[in-house]
Amino acid sequence: MVKKTQDLLEILKGVSQPEDYIRREEDNLVKMELYEYLQNILDTKGISRGQLIKNSGLDRTYTYQILSGIKKPSRDKVLAICFTLKLSFEEIQNLLKATGYPILYARIKRDSIIIFALQHNITLTDTNELLFDSGYSLIQ
């Protein structure tokens with residue numbers, strides 16, 4: 001059974017060494033690398049790597065390196081890929097959590113614009129316009 005984060009925090013408080021916690025709760029810890037997670041999404045959605053590269057506008061070689069686990073892109077590059085894959089807000093949050101990136105947080109102004117865009121099915125281009133108009137860096 002997967003434990004809730006709050007339960008894991010309580011367990012972590014009670015251990016004397018972090019290694020004890022990691023060993024004991026290994027089944028509840030995130031293990032997936034970004035490239036593995038992305039490949040699972042591509043497989044599930046029936047999208048080829050070539051289609052992703054074509055639709056994302058990212059450099060071909062760089063994207064292949066991401067998908068092969070050679071390069072670890074920035075959070076914004078991951079978000080750009082997520083927009084290309086038309087992932088839901090929940091799917092993006094899960095991907096960010098599973099791969100060690102900070103989730104989108106509604107208390108951060110830039111993130112709140114991105115969340116708004118995702119919740120309203122706004123394209124990456126239009127999301128970048130919203131960010132630009134508000135004085136924030138674009139998702140690139």
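In this text the structure is predicted, and so the values were computed from the model without any measurement.
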Here the gap from Ile92 atom CD1 to Ile81 atom CD1, rounded to the nearest 0.5 Å, amounts to 11.5 Å

Does anything in residues 92-140 form a ring-ring contact (aromatic ring centres under 6.0 Å, His included)? List the pairs, not counting sequence neighbours. Phe116-His120

Ala106 and Ser112: which non-hydrogen atoms are nearest, and at how many Å? O-CB, 3.6 Å

Residue pairs passing the salt bridge (Lys or Arg N to Asp or Glu O under 4.0 Å) test with at least one member in residues 41-56, sequence neighbours excluded, are none

Members sharing Tyr35's hydrophobic cluster, built from side-chain contacts under 4.5 Å between Ile, Leu, Val, Met, Phe, Trp and Tyr, are none

Give the C-alpha distance, both sets of side-chain angles, the deciding distance and a yes or no for side chain to side chain contact (heavy atoms under 4.5 Å, CB included) between Leu38 and Leu85. CA-CA 10 Å; Leu38 287 173; Leu85 292 172; 4.3 Å; yes

Contacts of type salt bridge (Lys or Arg N to Asp or Glu O under 4.0 Å), residue Arg23, not counting sequence neighbours: Asp20

Run the side chain to side chain contact (heavy atoms under 4.5 Å, CB included) check on Leu87 and Asn94 step by step: do they pass? CA-CA 10 Å; Leu87 299 183; Asn94 289 336; over 6 Å; no

Which heavy atom in Ile66 sits nearest to a heavy atom in Pro73, and how many Å separate them? CD1-CB, 3.7 Å

Salt bridge (Lys or Arg N to Asp or Glu O under 4.0 Å) partners of residues 113-140, not counting sequence neighbours, each pair once: none

Residues forming a side chain to side chain contact (heavy atoms under 4.5 Å, CB included) with Gln6, sequence neighbours excluded: Leu9, Glu10

Side-chain (Gln93) to main-chain (Leu104) donor-acceptor, under 3.5 angstrom: yes

With sequence neighbours excluded, residues passing side chain to side chain contact (heavy atoms under 4.5 Å, CB included) with Tyr21: Leu8, Ile11, Leu12, Val15, Glu25, Leu29

Please round to the nearest 0.5 Å and tell me the distance separating atom CG of Leu131 and atom NZ of Lys109. 13.5 Å

For Ser48, all residues meeting side-chain hydrogen bond (donor to acceptor under 3.5 Å, both in side chains), sequence neighbours excluded: Gln51

Qualifying salt bridge (Lys or Arg N to Asp or Glu O under 4.0 Å) pairs with a residue from residues 58-74, counting only residues at least two apart or across chains: none

Among all residues two or more places apart in sequence or in another chain, which pass the side-chain hydrogen bond (donor to acceptor under 3.5 Å, both in side chains) test with Asp111? Arg75

Roughly how far, to the nearest 0.5 Å, is CD1 of Ile115 from CD1 of Ile108? 8.5 Å

Separation of Ile53 CD1 from Leu58 CG (nearest 0.5 Å): 9.0 Å

Summary of side-chain hydrogen bond (donor to acceptor under 3.5 Å, both in side chains) pairs that have at least one residue in residues 76-92, sequence neighbours excluded: Asp76-Arg110, Ser88-Glu91

Residue pair Ala80 / Ile139: nearest heavy atoms and the distance that separates them: N-CG2, 3.7 Å

Does any non-hydrogen side-chain atom of Ile114 lie less than 4.5 Å from one of Leu130? no

Working for side chain to side chain contact (heavy atoms under 4.5 Å, CB included), residues Leu67 and Leu52: CA-CA 10 Å; Leu67 295 172; Leu52 172 64; 4.0 Å; yes

Sequence neighbours excluded, every pair satisfying ring-ring contact (aromatic ring centres under 6.0 Å, His included) that has a member inside residues 44-86: none

For the atom pair OG1 (Thr99) and CG (Leu34), what is the distance rounded to the nearest 0.5 Å? 5.0 Å

